[in-house]
A.B. asks: 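Take this structure first; my questions come after.
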Amino acid sequence: MGVLEHKFQDNVVVASMDKLIGWARSTSPWFFQFGLACCAIEMMATAASRHDLMRIGMIPRSSPRQADVMIVAGTVTMKMALRVKKLYEQMADPKYVISMGSCATSGGPYWQHGYHVLKGVDIVVHVDVYVPGCPPRPEALIEGLLKLQEKIQAERPLTRKSV
Amino acid sequence: MTVDTLMNWFAKLGDFPELAFILAVLICAVPVFLFIAVYALVAIYGELKISSFMQDKVGPMGQGVGLHAGKWGLLQPVADALKLILKEDIIPTSADKKLFILAPFIVFIGAFIAFAALPFNQNIIIADMNIGIFYILAVSSLGVIGLIMAGWSSNNKWSLYGAMRSAAQIVSYEIPAALSIIAVIMLTGTLSMQGIIQHQSGFVWGILPNWIIFQNPFTFLAFFIFFISGVAECNRTPFDIPEAESELVAGAFTEYSGMRYAFFFLSEYANMFIVSGIAVTAFLGGWQSPISGILNSPAWGLWWFMSKAMFLIFAMIWFRWTFPRLRVDQLMNVCWKGFTPIAMVNIFGVGIWHLMLG
Amino acid sequence: MGVVQGDQMVLNIGPQHPSTHGVLRLQVRTDGEIVSEIKPYIGYLHRCFEKHSENVTYEQVIPFTDRCDYVASMNNNFGYVVTMEELMEIKVPDRVEYIRVIMAELNRIASHLLALGTYGLDVGAFTPFLYMFRDRERILDIFELTCGARLLYNYMWVGGVSHDLPKDFERICIGFLDYFEPKIKEYNDLLTHNKIFLERTADVGVLPPDVAINFGVSGPNLRGSGVNWDVRKDEPYSIYDRFEFEIPLGEGEFGTVGDSFDRYWVRVCEMKESIKIIRQAIKDLPDGDVFQTIPKKIRPPKGSIYRRTESPRGDLGYYIISDGSPIPYRVKMRSPAFTALSSLGEIAEGWMLSDVIAILGSLDIVLGEIDR
Amino acid sequence: MTSTEIKETLDRQFPGSVIENIDLAENQLELKPDQWLEIATFLKNEPGLSFDQLECVTGIDTGEEGPLQSRYNFHSMEHRHKIEVVISLDRNNPKVASIEQVWRVGDWFERETYDMFGIIYEGHRDLRRILCPEDWEGWPLRKDYEPQETYHGIVVPKIKEEEWE
């Protein structure tokens, strides 16, 4: 993909190619099976029978190389922060990050005295969607994923960026 | 639509045998590739859906915002494939680049060229070799070289474990599989795939179709040995220790992303088809209809072959979502202390039964 | 095994790995498949529970206890409030006690379901995991009905509970139990009595009773080794002495006493016992006001207390020191999974890589509680 | 055995090791740190006591100037009795014998207390930080702890202390 990215003038063909790529990427966002804390249990519950993430095409992958979406589910600590960053770097482009729960978003309940808690995962990686809640309900996570799909579909991967 | 037919046809146009051969092979290769691709999409969709129904889920439903994956998620595998192709292709800096790039293709080629000898019906077979079944067993082991290359070149410990495990496993399970096939060859007296199938027309004991699985109790056993060994060769649960998601992350494929990973995926499903194809040909009467003489036209032949093969693939999917995984030493025990001796004895059994009652 | 000595390789399992149950890192020295040394590295989820406790009031500690063992929050609340009530010498009404026991036992079932399901996942069986999650959702529904939260409840307060039971609770709860009891058989058919599962777990990772006690292993892991020790029976707290239930012990049905299968099997049996307790509690559930004894302001007398309760993972101890102010001077949580994990090196060395994963799964650790 | 009897037994066996402290509760006893390993071995092996379970090791900082304490909760599976041992240590040089080899569970408990309070357990075979990263600075649960400002380039934000009432 790399060589073709943002190389074309906007026209009908490029726009529909963009749309096709957006469709493929948004329809099959394989997520990274990577749980940190409490939210991981809710993430598992979301992927399990009742809520079933596979409905929107999400399949868990345990290797970062094959995943498209990293759901940072839980508190990121100082000890873990650099590992999260490394995992993010190991993912192949295009990659997306969902910050699930208030701990990942801002430190959450550990904001004030958590000397060892990273106050928001966006300090180390780029976050696309924030899902609030402690922990977010499965419905909230699915809503976050749908928002991510919207975001992916709105992307124009081939079109040259206007400066 | 065999290579021979095409070459004969080219021969009428002029005298250029080498070129004719290459052309004929290429012309045959394209539909096979398309077939594998389409079949893999169907099988992946089937696997997602079947596993979901087994697990009280609904599986891909094409839900989501905007453009989605169609009704019942029918386009889900297409989107998956397209996405994988469009993904960044990562080659780790510490990896052995040449081998890393080559490995997925070798794995795929192993599965791909085995299709040449699969008889889909009376006419559709790329090359009806007189050593057909031997050829398939030989080339389908090529995949293991690719897996070892993938595991070694990734320079990742999980991959290395996966590669070593898969090498040991595939090489071991070749033996009971081949021994079971020998029993079949003893009965049919031919290595040609079409020959084996033609041998299975008619009835046995009046009612059952004259498929080799029903011909005597030892072949009945041989079928199961072959099929289970085949599942092991495909690295499917309960024998998926090379991939072993909960132990080895993704085994030999840990470092692969994007299209290269898609090729591994594709070859896994292609291998499943080959194992099922051999099992159908050698034990379940290939394209023969269950009631010999009825519904046996080439079109029905294709239907019978595909439906039998798909049933076996369904069985593999069923195993995968039911069983836990064996440990590596237990896996070897099953092979060397269980299947191999039984398969050996089986050969004698088949022979004696054939001599006495055949 | 291991007559031929090859080069040894150091392998890092985690912090991101599908079966470390969170963010645990195991540094494993392997000779081929055989593991010769295991060093667990923890602290990737150290969220400073004890520091927070020293800075917030007593009632504000309760939400943090939720987040320690996020799989069994009710039991964590329970342990804390029992300890606090003993320190403050509060006697809560009977209704509160009954509600607490019902909730704690329901959560024990939910926690065991998760433990058993992920254990199935560790040995490669995917489907039982989803079945167990499906049934766990029903328990979460009951909790949601009661207190509005699915996972972290903050339900038990010092001196009472945050909400009274909803209307129709008895019917819903009994309905769940009637639904759930036959499901245990389904799990057994699907997973427990599967030949491959037995091969993978029986005789694997044997934890002898004396080693278990020496390592402070507790709860189902200790009972799996055949030691009859359950805080609910042996140091009864709350009203556990009013119920009739049995303590399932590991019997080495398919292998040696104290193997992974026994630890698994004890959990399955405990779910049945919990059902018994809930049925009895619902039958005797008295009326009353659940907010009656909640103190306006929590200022325990000066002093310290150590109390342990039985969480699904074992002895959950709270050490609370009060200096008479509304803020705890020190709260220490003695977490059962912490001690269980410390024994991993002892029991899992010499086994194969796949077994290490299986043994780790059988210990049923929750990293939130280990790292706090 | 009751706590008083345990206290008397210990006083008989190790004269002068038990310190009288009226602040402590009935089931607690304060010991001098110097003979701790011998006392611990005795607690475990003496048939009448046989404390086979070390339930918990708690570190306590008694205040800005006060000593650090290491508290141990013991329980006997056999006799079903329990005792809590308190050992006070000098704040500037907190050292006490490790009982990791007597009760193996002490290994991680002591590492944790070391990590949080900086109490050094002498004779511990593997005394490293356990929860915080190896290169973390300071002892977090001491009352005078100030979080470090950055860790590997990540800023640890300082949040103003609010008053709780």
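The structure displayed is predicted, hence computed values, not measured ones. Hydrogens, waters and symmetry mates play no part in the numbers below; they use all other heavy atoms, side chains included.
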A.B. asks: I need the residue from A:Pro94, A:Ala48, A:Ala24 with the largest number of non-hydrogen atom pairs under 4.5 Å to chain B.
C.D. replies: A:Ala24
A.B. asks: Please check if the side chain of B:Glu88 supplies one atom and the backbone of A:Ala92 the other of a donor-acceptor pair under 3.5 Å.
C.D. replies: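 Judged by distance alone, no pair lies under 3.5 Å.
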A.B. asks: For A:Lys151, does the NZ atom have more than 12 heavy-atom neighbours from other residues, nucleotides or ligands under 6.0 Å away?
C.D. replies: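 Enclosed: over 12 neighbouring heavy atoms sit under 6.0 Å from NZ of A:Lys151.
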A.B. asks: Are more than 12 heavy atoms, taken from residues, nucleotides or ligands other than B:Trp152, located less than 6.0 Å from that residue's CH2 atom?
C.D. replies: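 Result for CH2/B:Trp152: open.
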A.B. asks: Going from CG on B:Leu82 to OG on A:Ser28, what distance comes out if it is rounded to the nearest 0.5 angstrom?
C.D. replies: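 If we round to the nearest 0.5 Å, B:Leu82:CG and A:Ser28:OG are 8.5 Å apart.
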A.B. asks: For A:Ala47, is it the side chain, the backbone, both or neither that has a heavy atom under 4.5 Å from a heavy atom of chain B?
C.D. replies: backbone
A.B. asks: Is any side-chain heavy atom of A:Pro29 less than 4.5 Å from a side-chain heavy atom of B:Lys83?
C.D. replies: no
A.B. asks: Looking at B:Asp56, B:Val78, B:Asp80, which makes the most heavy-atom pairs under 4.5 Å with chain A?
C.D. replies: B:Asp80
A.B. asks: Would you find more than 12 non-hydrogen atoms of other residues, nucleotides or ligands less than 6.0 Å from B:Met310 atom CE?
C.D. replies: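 It does: B:Met310 CE has more than 12 such atoms within range.
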A.B. asks: In terms of heavy-atom proximity below 4.5 Å to chain B, should A:Met91 be classed as side chain, backbone, both, or neither?
C.D. replies: backbone
A.B. asks: With chain B, which of A:Arg61, A:Lys95, A:Gln90, A:His51 has the greatest number of heavy-atom pairs at distances under 4.5 Å?
C.D. replies: A:Arg61
A.B. asks: How about B:Met306: does its CE atom have over 12 heavy atoms from other parts shown lying under 6.0 Å from it?
C.D. replies: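 More than 12 heavy atoms, drawn from other residues, nucleotides or ligands, come within 6.0 Å of this atom.
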A.B. asks: With rounding to the nearest 0.5 Å, note down the distance linking CG in B:Leu248 to OG in A:Ser62.
C.D. replies: 10.0 Å
A.B. asks: Side chains of A:Met54 and B:Leu48: does their closest heavy-atom pair fall under 4.5 Å?
C.D. replies: yes
A.B. asks: Where the side chain of A:Ser49 meets the backbone of B:Gln55, is there a donor-acceptor pair that is under 3.5 Å apart?
C.D. replies: yes
A.B. asks: Is the A:Trp30 ring parallel, tilted or perpendicular to the B:Tyr261 ring (thresholds 30°, 60°)?
C.D. replies: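 Plane angle over 60°, so perpendicular.
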A.B. asks: Pick one of side chain, backbone, both or neither for A:Gln153, based on which atoms fall under 4.5 Å of a heavy atom in chain B.
C.D. replies: side chain
A.B. asks: To the nearest 0.5 Å, what is the distance between CG (B:Asn156) and CZ (A:Arg65)?
C.D. replies: 8.0 Å
A.B. asks: May I ask you to test the B:Pro60-A:Arg55 pair for a side-chain heavy-atom distance under 4.5 Å?
C.D. replies: no
A.B. asks: Is it the backbone or the side chain of A:Ile59 that comes under 4.5 Å from a heavy atom of chain B, or both, or neither?
C.D. replies: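 Just its side chain gets close to chain B.
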A.B. asks: Could you tell me whether the side chain of A:Gln66 and the main chain of B:Phe253 form a donor-acceptor pair under 3.5 Å?
C.D. replies: yes
A.B. asks: Looking at B:Ser257, B:Gly258, B:Gly59, which has the largest count of heavy-atom pairs under 4.5 Å with chain A?
C.D. replies: B:Gly59
A.B. asks: May I ask you to decide whether A:Asp68 forms a salt bridge with B:Lys87, counting only side-chain N to carboxylate O separations under 4.0 Å?
C.D. replies: yes
A.B. asks: Do A:Thr27 and B:Leu75 come within less than 4.5 Å of each other through their side chains, counting heavy atoms only?
C.D. replies: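 A side-chain contact under 4.5 Å is absent here.
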